[in-house]
Structure formats: C-alpha cells, structure tokens
Amino acid sequence: MIVTRFAPSPTGYLHIGGLRTALYSYLWAKKNEGKFLLRIEDTDLKRNSLEAAKAIEEAFKWVGLKQDGEIFYQSKRMDIYKEHIQKLLDEGKAYYCYMSKDELDALREEQMKAKQRPRYDGRYRDFTGTPPSDIEPVVRIKTPINETITFSDGIKGEISVKTDEVMDDFIIARSDGTPTYNFVVTIDDHYMGITDIIRGDDHLSNTPKQIIVYKAFGWDLPKFYHVPMILNPQGKKLSKRDGAMDVMEYKKEGYLPEVLLNFLVRLGWSHGDQEIFTMEEMLEFFDPKDINKSASAYNAQKLLWLNAEFIKNMSYERFEKELIYFDLDLKSIEKKEILIDALRQRVKTLKEFSQKAKTILERPTSYETKAVKKFLKADAKKIAKEFLNYLINYDSNLNTPSDYDKLIVSFLEQYQLKLKDIAQIIRIAIVGSAVSPSIYDIMSIVGKDELEIRIKNLIQFMEEKNE
RNA sequence: GGCCCCUUCGUCUAGCGGUUAGGACACCGGCCUCUCACGCCGGUAACACGAGUUCGAGUCUCGUAGGGGUCACCA
C-alpha cells in the first residue's frame, strides 16, 4: 500500500507551493487506494503558532483535501524521538559533543577564511576523556566516512553524493535535548509507514542526511520524489511581494477550490494536451513520473481563464451557495437563472460576479460620466420619455427576455428608430454605465416596475443636467 | 565558493532518433453584435550555446553559459 504525507511547519499560512506538493501526495496515495497523512512539524516552539496550524487545516478543508486518520503533531511525539536518540547513543552510532556554540562559530569563521566549506571537525566523535562540566552537550550522529550515498529520486533520477563532501556529523539533539528536523522527519516517516515522500526539491539536499538516519536504524528507505519549485511570473523565487501566495487568498478573490487544484496540478505536470481535469481524472491520470524536472513560473492569467471556464459550467445551486461568501444572496431573486446565465460568460471570478450582479440588482446612484457623454445625446431625453410612455401603456405580458425583445421591436417600429438609438439609453438607466449584459436580460431581471423607476430617474438626471 | 539540480514559443507544456516541432494561456487580426463579454475562424512566436555519436538529433554523450537549490543547536 502506498502511504504519502504532507508535513508543513506551522510558521504561517498554507502557500500554493505547499498545496501543490500536498495535492501530488494526495493524488498518488488515493489513486493507489493508499493513505494520505498530514503531519504538523512543530518542533521549533519559538517559531510555531497554533493559529498557523489552524490556518493550514482551514485551507485544506477549503480545497477539499482530506487526510486519512488524525493529524500528527510532532510536538506530541517528543518521547519517541528521545527514545531513539538514546538508542543511537547506546549503540555508539551517535555521541555527545561538548563543543560550545562560540567554539563552533569560531571554527566556522576560520574555515570560511581559509575558503573551506564550514563543517564540524568531528573532534568529539571518538572522545573518551572527561567531558567539560560546564557545557550542555548536543548529540551528533556518526555519518559514515568516505561513503557515497546513492538514491533514486522518482523525478530527478539517480542522485549520489559523497558523505565527506556534503555532510559532517550533524546534530540530532540540541543542547536542550530537543531533536532536530532531519532526525524527527525520518523517525516519523518510518513509524507513520510512509512509502512515498513527495516534497519540494529544496529538500533534495536533506535527503542524504535522512538516509543516514534510516541506515543507522537499519530501516528500509521510502521512495523519494522531489518536485521543482514554483516561480513567480518573472521566473524568480516566489516571495510575499508576488501577491497571493496564501491559499485562502484565492478564496477571497473568488476562485473555485477545484480550479486552484486544477491549475496547480498542471504546473509542472501534464497529461498530453489536457488542460481541464476533474478530480476523478486527476486521480486516474496522475503519476509522479510525469512531473517535470524544471521549476515552473505560474501564470495568473491562465488561472483566471481556468476559473472562467469552470464558472461557465457551474450549476445554479452552486452559484447560490458560493455567492453568499461574496455578500450576494440569490435565494430571493426571482430571475436568478437569467442573471447567472447573463453574467457567467462575462466574469472570471465569483467576486467579479457579485460586483456585476449588484450593478444590475441595485439602483444606480450615479451615471458614469464617459457613458453619459458618449451616449446621452441631444435627443436621448426625448427617446427616453417616449420609451417610458410606451412602456407604461404596454399591455402585453412582460416577464422573460423575449417579452422585452418584443416590446423593444414594437417600440422601435412605432417611432421609426433603430436599436442603437435606444439600447444604450436603457442600459445606462438600468446599470449606470455603458457596459452590461443584453438589455433584454437585464430588463427582465429588474422587472417592469423597477425599469420604469430607473428610466424616470435617468430622465430626471438629464433634465437636471440641462438646466 | 563546494556539492546537487535544471534549460522546447513571453508563460504552462507535448515530444520519448526521422514531426511543416503539437496544444493551452496571453497577444494580434477577422466574424458575430444593443455595449462588454462569450463563441467561432485565422495569425505571430520556441528546441540556451558548442562539440561529438549517428545515414539522420529537440530527443543520446561530453563540454560551455545561464538559472536555481543547499551548505544552522530553522524546518
């Protein structure tokens, strides 16, 4: 069985890079009927916060990725780590190092000056004398000398490094006794039964260290997949400057969670020419072997396009449900289906939908200057009055857009006008600007009574303007 | 700097020794049209560079250049 995990450290929100590796892990596990686990890496008490952990969980909930079983918290597993540190100590695979921080810093500085790679010199590796009494020691693991660590990465291929070149006897327990990252990760991954580790390739250089821990305990290695990072649109490393990195920010901007996932899954992975995937299709087609080796810059416009595509095909019920978050309650709106169909072709986000819907649903409080200048010419007032009059006396039924179409046709016929002569006047009367969906749709949505009021208001506005 | 990784249109990518190098976003035309969109049709645009291997290289090998990651008592 395949077991994967996502293991964020709770230092802030869940960002899109993290979501992508989480998604990959999720897909790979689920497609193989395996398990996807979530582990919060909160060993560094100073930098972690409970809110951050909650924020991550909230984001997971929004996108709909559900972990199997309970969430693991490293802070609750300290006993396990300590036990294993002791075990290595007892077996002589790790040792106490009494070098003080100052001494270490001094050594590092010296090495840098000599243009050498800073590295612990192993002075306590085989120490047998009496240790200094005023130093709280750290625990270091014995990394094999002059050995080549080779592993096969599912994305990058075979990777091998020489221990002497990249590693020293790294610390597995700080002087206060708390365990360090590369150690706890290994312990947890082993006991959680993780078979496939999919993570960002910034962890590539940690992998040999973790392999040393696996070997010290004699454990089998999992499969590793190191996925390249996501770059900003300029092709540089993603930073807070680049705007929305927090997954929840996408909710606020009106993106659908399945769109974000779809967008992310295609960033660095592909299945032929397919752009749009349902969750079922992702599960069917995803395979980490198809993940690209190089980093990819994200393209905000493509995300927008994708969101628009999904919105075009969304159900009425879903609109009603999602738009509540954007302060738009469609329940009481009689012509909501016409509203939705009129707007879904014109918006790219739910937020935009809400804004545009409100310009129709709410009476304009002002009229856009440019539109007024361009379309409300000398005879506009006259035409508007004629239309208002015609509307008031119109005795056929007015309900659907096509009813309004008939109204307009007969009106134009009677006054010998063209559609162009009246369309923008009606539009400005209803929404206050020269841009909106079809006038037949918006007339139907606001209804006859409201239409009369809005036309009257516009006429009044034109009269005041002329004075 | 050491070590490791990467390199096809502006961007995401297809390609897996023989292709007019394909698709998508964006961009530019055109059609549709009551505005704005949608939609439809068409177009511009790429194998980082240099050597090999081969009858033949975007595809294999080696260099070069460029980009990135990492070198903590952070994760």
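Bear in mind that the values here come from a model prediction, so they are computed numbers and not experimental data.
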Given B:C6, is OP1 or OP2 found less than 4.0 Å from the side-chain N or O atoms of A:K293? yes

Is any side-chain N or O of A:S205 under 3.5 Å from a base N or O of B:C4, one able to act as donor and the other as acceptor? no

Applying side chain to side chain donor-acceptor pair (under 3.5 Å) to A:K302 and not counting sequence neighbours gives A:E275

Under a 3.5 Å cut-off for both distances, is B:G1 Watson-Crick or wobble paired, and to whom? B:C71

Looking only at the side chain of A:V161 (C-beta and beyond, no hydrogens), which of the listed nucleotides B:A75, B:C3, B:C34 gets closest? B:C3

So what does A:T11 touch, heavy atoms closer than 4.0 Å: a base, only the sugar-phosphate, or nothing? nothing

In whole Å, I'd like the distance from the CH2 atom of A:W305 to the P atom of B:C25. 5 Å

Going by number, which of residues 101-118 of chain A have a non-hydrogen atom under 4.0 Å from RNA chain B? A:K101, A:L104, A:R108, A:R117

So does A:K420 get a side-chain nitrogen or oxygen closer than 4.0 Å to the phosphate oxygens (OP1/OP2) of B:U35? no

Under 4.0 Å, heavy atoms only, any strand: does A:L204 hit a base, just the sugar-phosphate, or nothing? sugar-phosphate

Check: B:G39 base within 3.5 Å donor-acceptor of A:Q345 side chain: no

Answer with base, sugar-phosphate or nothing: what part of the nucleic acid does A:P233 contact at a heavy-atom distance below 4.0 Å? nothing

Is a donor-acceptor pair below 3.5 Å formed from side chain A:N299 to base B:A26, judging by atom type as modelled? no

Looking at B:C34, I'd like to know if its phosphate oxygens (OP1 or OP2) sit under 4.0 Å from a side-chain N or O belonging to A:S438. no

As its Watson-Crick or G-U partner within any shown strand, both distances under 3.5 Å, B:G52 has B:C60

Determine the Euclidean distance between corresponding P atoms of B:C60 and B:G66; express it in Å to zero decimal places. 24 Å

Pairing residues for A:R123 by the side chain to side chain donor-acceptor pair (under 3.5 Å) criterion, not counting sequence neighbours: A:D121

Could you tell me whether A:G235 contacts a base, only the sugar-phosphate backbone, or nothing, with contacts defined as non-hydrogen atoms closer than 4.0 Å? nothing

Checking A:R344 against A:F319: charged group under 6.0 Å from the ring centre and within 45 degrees of the axis? no

Does a distance-only test, which skips hydrogens and angles, find a donor-acceptor pair under 3.5 Å between the side chain of A:R346 and the base of B:C38? no

Determine the interplanar angle of the A:F411 and A:Y415 rings, folded into 0 to 90°, and report it as parallel if under 30°, tilted if 30 to 60°, perpendicular if over 60°. tilted

Give one of base, sugar-phosphate or nothing for A:E275, where a contact means two heavy atoms less than 4.0 Å apart. base

Residue whose closest nucleotide on RNA chain B lies nearer the 5' end, A:S296 versus A:L419: A:S296

For A:L267, report the nucleic acid contact type (base, sugar-phosphate, nothing); a contact means any heavy atom under 4.0 Å. sugar-phosphate

Is the shortest side-chain N/O distance from A:N292 to OP1 or OP2 of B:A14 below 4.0 Å? yes

Using Watson-Crick or G-U wobble geometry with both distances below 3.5 Å, tell me the partner of B:G42, or none. B:C28

Distance, rounded to the nearest Å, where A:F183 contributes CZ and B:C73 contributes P: 16 Å

Name the pairing partner of B:U7, where a pair is Watson-Crick or G-U wobble with both distances under 3.5 Å, or state none. B:A65

Reckon A:V138 touches a base, only the sugar-phosphate, or nothing at all at heavy-atom distances under 4.0 Å? base

Say you pick atom P in B:U59 and the same atom in B:A51; how far apart are they, in whole Å? 14 Å

Rounded to whole Å, please give me the gap between CG in A:N313 and C1' in B:G39. 13 Å

Please determine whether any donor N or O and acceptor N or O are separated by less than 3.5 Å between the side chain of A:D273 and the base of B:G22. yes

Using a 4.0 Å heavy-atom cut-off, does A:F170 contact any base of the nucleic acid, only the sugar-phosphate backbone, or nothing at all? nothing

OP1 or OP2 of B:U35 less than 4.0 angstrom from a side-chain nitrogen or oxygen of A:S433, does that happen here? no

Rounded to whole Å, CG of A:L306 lies from P of B:C12 at a distance of 16 Å

Residues A:E258 and A:R318 bridged, charged N to O under 4.0 Å: yes

Per the atom types in the model, does the base of B:C36 pair as donor or acceptor with the side chain of A:S436 at under 3.5 Å? no

